[in-house]
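Report on one structure; see the data block that follows.
Indexing begins at 1, ligand by ligand and atom by atom, following the structure's order. By convention here, the first residue in the shown sequence is residue 1. Just so we're clear, the structure is a prediction, and the values are computed from it rather than from any experiment.
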Amino acid sequence: MTSKIWGGRFSAGPTAIMEEINSSIDFDQRLAKQDVRGSRAHCTMLVAQGIITKDDGHAIQEGLGRIEKDIATGAFHFKRSLEDVHMNIEAKLADLIGAPAGRLHTARSRNDQVATDFRMWVRAAIDTLDEELEKLQGALIDKAEAHADTIMPGFTHLQAAQPVTFGHHLLAYVEMFGRDRGRFADARVRLNECPLGAGALAGTSFPIDRHMTAEKLGFDHPMANSMDAVSDRDFALEYLAAAAILATHLSRLAEEMVIWSSAQFGFIQFTDAFSTGSSMMPQKRNPDAAELLRGKSGRIFGNLIGLLTVMKGLPLTYSKDMQEDKEAAFAAFDTLELCLAAATGLVADMRPDPVRMRDSATAGFTTATDFADWLVRVLNIPFREAHHVTGQVVKLAESKNCELGALTLADMQSAEPRITADVFNVLTVEASAASRVSYGGTAPANVRKQVIAARARFIKSRQP
Ligand code: ARG
């Protein structure tokens with residue numbers, strides 16, 4: 001097949017293999033909307049600068065308008081033989097309006113064109129992910145509010161450490177996803193400069209107005225160096241790096257859901273909407289959605305590592321290797337969109353069992369720190385010594401196979417004679433959690449305040 005655009009230079013046309021390896025249309029057609037938008041801005045600028053005539057500009061805009069509609073309705077027919085989205089649209093424009101179409105590519109190269117389209121696409125992807133992250137945070141905050149008082153064990157080393165509130169635990173994820181949004185927002189600020197007008201790499205001799213096209217396309221300013229403009233893919237890497245960190249956070253939440261929903265923990269249940277039965281074992285309720293949420297992170301890390309590897313060691317400026325940049329970005333977006341919807345659904349679906357959680361929080365001497373703190377506060381014992389005394393009391397409880405609160409006062413006084421019955425007041429899990437009122441601590445009163453603060457910080461769409 002002879003490529004219409006290469007026409008004269010390649011008499012025989014690409015072989016089937018060449019077409020196969022060279023063509024990007026199967027995936028870069030996702031840039032079609034951005035490509036038309038970029039071309040329209042470029043055309044407007046060419047007319048404004050007197051580089052092409054008003055009549056040609058008008059014909060081009062009219063043709064691009066029709067193409068835009070066909071793309072929106074799915075009627076546009078992309079051809080592999082035309083290699084990529086840019087050449088497909090340009091060829092179609094030529095079919096529609098004839099000769100003036102050939103003037104659109106004045107003072108432009110596919111190198112600055114693709115960089116511009118792709119930046120606009122990543123920018124839109126970031127905006128969508130930000131909205132999805134806000135929804136996930138909203139679901140977490142709602143659950144946290146409902147469970148500001150629900151006591152559960154807090155873990156270090158996955159060993160019960162101290163009693164915490166479930167609301168506090170969930171708000172930890174609200175912070176993590178807030179930072180993810182911040183990372184995307186930072187990347188968005190840096191990516192929002194316009195490569196268009198860099199030409200193939202060196203700029204152009206035509207009197208173009210790069211500020212005008214940058215502004216029309218919603219960029220803050222044109223990129224300062226034409227060679228950087230066509231070579232840079234940092235913006236995609238930053239987006240993928242933020243995506244990978246987000247995926248890590250999602251996998252941690254998912255893993256906790258898997259643990260919590262196991263029969264051994266029994267902290268939460270999912271409804272049938274988010275769990276499946278086993279084909280063989282009738283008692284099973286598998287948290288498939290959470291497991292897949294955990295597992296999907298692998299793909300996203302792959303997307304980041306893939307593009308880092310493509311870019312590593314590439315000489316300036318454009319090399320065709322860079323055509324490999326798009327699939328990673330698209331795939332990460334598709335995966336994350338699904339994962340964020342699943343995470344939001346899972347959080348809303350979670351049915352906590354406060355009795356199981358509380359029971360579990362009382363096991364494992366989780367109020368030992370409260371005991372030690374009491375010795376420090378009331379008896380003025382140095383913390384290191386209090387830690388030692390507490391260790392003896394825990395050992396005693398262990399040997400009697402009972403909780404700290406079930407020991408007698410005499411038991412406790414055998415370790416430290418000055419202990420009084422007042423110590424029992426700090427040994428319940430409720431008292432322990434309620435006492436953690438330091439800023440950022442787990443006390444229910446804190447959680448209630450943090451719920452309000454988190455809504456104010458993160459939830460634009462639903463201010464109370
Ligand atoms: N399809 C190409 C890409 O995605 C467009 C840029 C092609 N530029 C070139 N000089 N061949 O990278």
Q. Is any side-chain N of the basic residue among Lys326 and Asp84 closer than 4.0 Å to the acidic one's carboxylate O?
A. no

Q. Closest heavy-atom contact between Val347 and Lys143?
A. O-CE, 3.3 Å

Q.
Suppose we screen for salt bridge (Lys or Arg N to Asp or Glu O under 4.0 Å). Which residues come up paired with Asp272, at least two apart in sequence or across chains?
A. Arg285

Q) Restricting to pairs with a member in residues 172-228, which pass ring pair (Phe, Tyr, Trp, His ring centres under 6.0 Å), not counting sequence neighbours? A) none

**Q.** Glu145/Arg448 salt bridge by N-O under 4.0 Å criterion
**A.** no

**Q.** Pairs where residues 119-146 contributes a residue and the test ring pair (Phe, Tyr, Trp, His ring centres under 6.0 Å) is met, not counting sequence neighbours
**A.** Trp121-Phe330, Trp121-Phe333

**Q.** Protein residues having a heavy atom less than 4.0 Å from any atom of ligand 1
**A.** Ser24, Asp28, Asp84, His86, Arg110, Asn111, Val114, Tyr318, Gln323, Lys326

